[in-house]
Amino acid sequence: MVFSRRALALASQLLHNASAAGPIVQQQHLHTCSRLAGSAALKQLNEVNNEKKSLVIFDKDGTLICFHSMWVPWTLETAKRIEEHSSLAISDKIFKLLGFCPHQQKVRPGLLAEGTMAQIRQSIVQLLTEHGVDAVNANRIVSDSVVECATHSKHTLKEIHDLQKLFGDLKRHGVKIAICTADSRIGTMGMLESLGLNQMVDRVVCGDDEGAMPKPHPRNALTICADLGISPEQALMVGDTVADLGMARSARLGGSVAVLSGVGEHHDLHHLADHMVDSVGDLMPIVLGASKVGSSAAPLNL
Ligand SMILES: [Mg+2]
């Protein structure tokens with residue numbers, strides 16, 4: 001217990017320090033914090049309660065909707081536009097920066113999966129300046145090239161599960177629903193509207209909201225809990241990245257569920273998750289307290 005408190009305190013200090021640093025440093029801190037919080041999580045498993053939860057906080061991309069169908073076309077188009085605007089053959093470096101594998105055509109854990117659009121833009125500006133573009137031009141190129149993702153297109157917006165049914169089930173059991181995403185508010189509300197979910201969600205926090213902090217900082221989760229009048233231990237976080245699960249730990253929520261439907265794989269997530277499932281389709285027994293810690297489609301190896 002002493003170790004877990006020290007780990008969380010150190011993670012909190014690193015987050016504080018990272019807030020004043022550049023985006024790439026922030027991303028490095030994010031992974032360090034997640035590892036520290038993960039160490040703490042191993043010590044805290046016995047403290048996780050298995051009672052019915054009053055609130056579920058969902059990540060969006062990779063958790064509710066398919067990450068790859070949404071963001072792979074966006075990544076390819078963005079890299080192409082930056083090459084055109086900068087006259088630099090820089091796509092491979094952009095892919096590496098974002099965490100995109102062009103051979104597999106898949107997004108891996110990294111900046112695109114876990115960072116906000118502001119962090120992505122700042123990182124690409126930094127990359128361009130490192131390749132001889134002056135700061136004014138770098139900002140202009142990024143402003144012209146890094147645009148919102150097309151959330152209304154049926155080709156890119158694909159539900160991972162029947163979300164009308166899942167959200168309806170949660171509502172029938174009196175469970176509140178929140179979404180906490182690194183994506184923009186325009187993109188997030190567009191997705192909710194397209195899927196007919198906007199009336200079912202009680203609170204939405206997006207990466208570009210004023211005062212929002214990138215995961216795994218606890219602020220967004222604690223703001224959601226406070227706004228909805230629910231104590232953090234009555235809330236469950238569901239996500240596909242270490243940033244999602246790290247936020248659950250840093251905010252001391254009542255539990256976390258890793259889904260294997262996004263960018264994170266079992267070996268990325270197991271050290272931070274109280275439960276691990278294939279997708280949100282397996283979520284209801286955990287929310288209702290009918291599933292014990294660690295019991296899941298993919299059992300934890302602790
Ligand atoms: Mg995600």
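Remember, it's a predicted structure, so these values are computed and weren't measured experimentally.
Between the side chain of N198 and the main chain of E193, no donor-acceptor pair closer than 3.5 Å is present. When atom types are taken as modelled, the side chain of H217 and the backbone of R219 share a donor-acceptor pair closer than 3.5 angstrom. Of the possible polar contacts, none joining the K106 side chain to the V263 backbone as a donor-acceptor pair under 3.5 Å is found. Without hydrogens or angle criteria, E83 side chain to S91 main chain gives a donor-acceptor distance under 3.5 Å.
If you take CD1 on I177 and CG on L170, they are separated by 4.5 Å, rounding to the nearest 0.5 Å. Summarising the geometry, atom CE belonging to M276 is positioned 7.5 Å from atom CG belonging to L245; distances are rounded to the nearest 0.5 Å. Atoms CG and CD1, from L127 and I90 in turn, are 4.0 Å apart once rounded to the nearest 0.5 Å. Residue L236 holds its CG atom at 8.0 Å from CZ of F58, rounded to the nearest 0.5 Å. Rounding to the nearest 0.5 angstrom, the gap separating the OG atom in S279 from the CD atom in E159 is 11.5 Å. Atom-to-atom distance recorded for I57:CD1 and D244:CG is 10.5 Å, nearest 0.5 angstrom.
Here K60 pairs with D183 in a salt bridge; the nearest charged N to carboxylate O distance falls below 4.0 Å. A salt bridge between D202 and K171 is present, with a side-chain N of the basic residue lying under 4.0 Å from a carboxylate O of the acidic one. A salt bridge is defined here as a Lys NZ or Arg NE, NH1 or NH2 lying under 4.0 Å from an Asp or Glu carboxylate O, and D144 with R81 fails to meet this definition.
Between the side chains of S145 and H85, at least one donor N or O lies within less than 3.5 Å of an accepting N or O. Residues T241 and E114 have side chains that never bring a donor and an acceptor to within less than 3.5 angstrom of each other.
Within the 4.5 Å cutoff, side-chain heavy atoms of M284 are placed close to those of H173. Side chains of V259 and D240 form a contact here, defined as non-hydrogen atoms less than 4.5 Å apart. By the 4.5 Å heavy-atom criterion applied to side chains, K80 and E77 are counted as neighbours. At a threshold of 4.5 Å between non-hydrogen side-chain atoms, the residues M247 and M237 count as touching. R203 is listed as a side-chain neighbour of T223, based on a closest heavy-atom distance under 4.5 Å. Side-chain contact between P232 and L222 is present, with at least one heavy-atom pair separated by less than 4.5 Å. Residues T181 and T63 are not in side-chain contact: their nearest non-hydrogen atoms beyond the backbone lie 4.5 Å or more apart.
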Which donor-acceptor pairs under 3.5 Å do side chains of residues 92-104 form with protein atoms, sequence neighbours excluded?
unit_1, atom_1, unit_2, atom_2, d
K93, NZ, H131, NE2, 3.0

ask   = Could you walk me through whether E265 and R108 pass the salt bridge (charged side-chain N to carboxylate O under 4.0 Å, His left out) check?
value = CA-CA 9 Å; E265 297 183 17; R108 314 304 307 171; 2.5 Å; yes

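The salt bridge (Lys or Arg N to Asp or Glu O under 4.0 Å) contacts involving residues 173-182 comprise nothing, where partners must be two or more places apart or lie in separate chains.
L111 and I82 fall within the same hydrophobic cluster, defined by Ile, Leu, Val, Met, Phe, Trp and Tyr side-chain heavy atoms under 4.5 Å apart, directly or through other members.
Contacts of E148 classified as side-chain hydrogen bond (donor to acceptor under 3.5 Å, both in side chains), with partners at least two apart in sequence or in another chain: S184.
Taking both residues in full, the closest heavy atoms of L55 and C225 are given as CD2-SG, 4.0 Å, listed atom of the first, atom of the second, then distance.
When the shell of 6.0 Å around NE2 of H267 is examined, it contains more than 12 heavy atoms from other residues, nucleotides or ligands.
Below 30°, between 30° and 60°, or above 60°: for W74 and W71 the angle between ring planes is above 60°, a perpendicular geometry.
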